[in-house]
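Shown next, in structure tokens, is the structure this report addresses.
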Amino acid sequence: MGPLPGRVPIAIRQTTQAKRVERGIAFANLSEIEHRPIPPVERRRRFLVAVGQHAGLITVGCIFLAPFIFVVLTAVMTTNQAVTPKIWPHPFQWSNYAQVFHRIPFLLYAWNTVQIAGLSTLGVVLSCVPVAYALARMRWRGRQFSFVLVLATIMLPIQVTIVPLYVIWVRVHQIGHFTPLILPNFLGDAFSIFLLRQFFLTIPEELSDAARVDGATHWQIMTRVIVPLAKPAIAAVALFQFLYSWNDLFLPLLFLGNNKHAWTLTLALSQFSARHGVEWNLTMAASVLFMLPVIVLFFLAQRVFVEGVTLTGVKG
């Protein structure tokens, strides 16, 4: 029997209905499989595995938090109680934090540290992004050799280059100033270049090709296409550099040791511990004040930082 005018053939209609019935049966079987109850033995095993995993993670977390908790509790103890085996302070002496501000110009040292860490971070980001883009997205002779040469500088210990650097800064009369701690960061950092390059390689080439077809230059592609997509990696690099500059003691001690007005918090904390070593409560209070800005910064940038670290290095 042929199809009626303007109608679908009967054979095709029957085949379509049969397919729909088969799909309905398949979906019904799938729903039965999904809603099938889990056996009690398997449920108990999953529960015990989850409890074991969480217990292990909580134990490891407590081990890592124990020193920090000890510092925080000791910071609010009295001078006599800080040298005893007691763990819980009684009474809480919150005036220890005020004593730190009276003993040293803490705000001045904090401002110096913020200037050095902030400008160093800015210099690393501005200098490393173009180099990483050139090594990841541009085609030029000697690119791989240059990348290997950049990685080779990571293997050089700081003791190899510190003497020539110190002689250079002495000859230009910059000892006791912030310049030796800030200016070298505007010349690039090998680890940051490597981290950014690995992230840039994960960005599809089609985006750059589409921008190039529209007449965009390499600078426009980098600033308008690559950089907006690489914000997590750039944030991770910036946080790494900020933490490094904030915690650095060796370079400020070498270049700023004679100028007390230019000291950073690490230098001030070192000198504070040397002068008030027996007053452990004040030393711990100064340590808490030193760690507090970094902890707040990490929690504010935690999501972007973790995303940048996990997404970097997917493609080599």
Side-chain angles (χ1 to χ4, degrees), residues 104-106 108-136 142-199 233-274 287 290-291 293-294 297 309 312:
I104 59 174
F106 188 87
L108 174 63
Y109 297 150
W111 173 240
N112 294 339
T113 308
V114 169
Q115 290 184 77
I116 294 173
L119 293 177
S120 299
T121 302
L122 180 64
V124 166
V125 172
L126 292 180
S127 60
C128 293
V129 168
V131 178
Y133 174 83
L135 294 174
R143 185 184 65 167
Q144 294 300 327
F145 174 77
S146 300
F147 178 62
V148 173
L149 189 62
V150 169
L151 291 182
T153 59
I154 302 178
M155 306 177 189
L156 291 176
I158 191 173
Q159 291 80 7
V160 175
T161 58
I162 195 63
V163 174
L165 283 176
Y166 187 81
V167 172
I168 292 174
W169 294 120
V170 167
R171 291 182 177 179
V172 296
H173 307 288
Q174 291 299 317
I175 299 299
H177 300 277
F178 294 160
T179 307
L181 302 175
I182 297 175
L183 187 59
N185 294 291
F186 282 85
L187 303 178
D189 176 69
F191 176 75
S192 301
I193 292 173
F194 169 75
L195 197 68
L196 291 173
R197 174 189 177 272
Q198 295 303 109
F199 191 92
I234 295 176
V237 168
L239 188 58
F240 275 134
Q241 180 60 36
F242 188 88
L243 293 177
Y244 175 79
S245 299
W246 185 275
N247 297 323
D248 189 19
L249 173 63
F250 177 69
L251 293 181
L253 179 63
L254 182 65
F255 295 119
L256 303 177
N258 296 328
N259 186 5
K260 293 185 178 181
H261 295 286
W263 277 7
T264 60
L265 283 177
T266 51
L267 275 177
L269 184 61
S270 176
Q271 294 297 323
F272 189 88
S273 301
S287 301
F290 172 76
M291 293 185 295
V294 178
L297 176 64
V309 174
T312 304

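Any value given below was found using the heavy atoms of this structure, including those in side chains, with hydrogens, waters and symmetry copies removed. Everything numeric here is computed off the predicted structure, so don't read it as measured data.
- For the side chain to side chain contact (heavy atoms under 4.5 Å, CB included) criterion with Ile234, the lone passing option out of Leu239, Val129, Val124 is Val129.
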Go through the steps to decide whether Thr264 and Leu267 satisfy the test side chain to side chain contact (heavy atoms under 4.5 Å, CB included), and finish with yes or no.
CA-CA 5 Å; Thr264 60; Leu267 275 177; 4.2 Å; yes
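- Ring planes of Phe191 and Phe194: tilted class, angle from 30 to 60°.
- A donor-acceptor pair shorter than 3.5 Å can be found between the side chains of Asn185 and Gln241.
- Closest of all the heavy-atom pairs between Ile154 and Ala190 is CG1-CB, 3.4 Å.
- Residues Ala132 and Arg197 approach most closely at CB-N, 3.6 Å, considering heavy atoms.
- Taking each heavy atom of Leu256 and Ala262 in turn, the nearest pair found is CD1-O, 3.2 Å.
- Here the closest heavy-atom approach between residue Ile162 and residue Phe250 is recorded as CG1-CE2, 3.9 Å.
- A donor-acceptor pair is defined here as one N or O able to donate and one able to accept, closer than 3.5 Å; no such pair exists between the side chain of Ser120 and the backbone of Ala117.
- Side-chain contact between Leu181 and Pro252 is present, with at least one heavy-atom pair separated by less than 4.5 Å.
- Between Trp246 and Phe290 the shortest side-chain heavy-atom distance falls below 4.5 Å.
- Contact annotation: the side chain of Leu254 approaches that of Tyr166 to within less than 4.5 Å [non-hydrogen atoms, C-beta and beyond].
- The nearest pair of heavy atoms linking Asn112 to Trp263 is ND2-O, 3.0 Å.
- Shortest non-hydrogen contact noted between Thr266 and Asp248 is OG1-O, 2.8 Å.
- Between Pro184 and Trp169, the closest side-chain pair of non-hydrogen atoms falls below 4.5 Å.
- Counting heavy atoms from C-beta on, the side chains of Thr179 and Phe255 never come closer than 4.5 Å.
- Expressed to the nearest 0.5 Å, how far CG of Leu265 lies from CZ of Phe272 amounts to 12.5 Å.
- Environment of CZ in Phe147: crowded, with over 12 heavy atoms of neighbouring residues, nucleotides or ligands closer than 6.0 Å.
- Using a 4.5 Å cut-off on side-chain heavy atoms (C-beta onward), Ser287 and Leu269 make contact.
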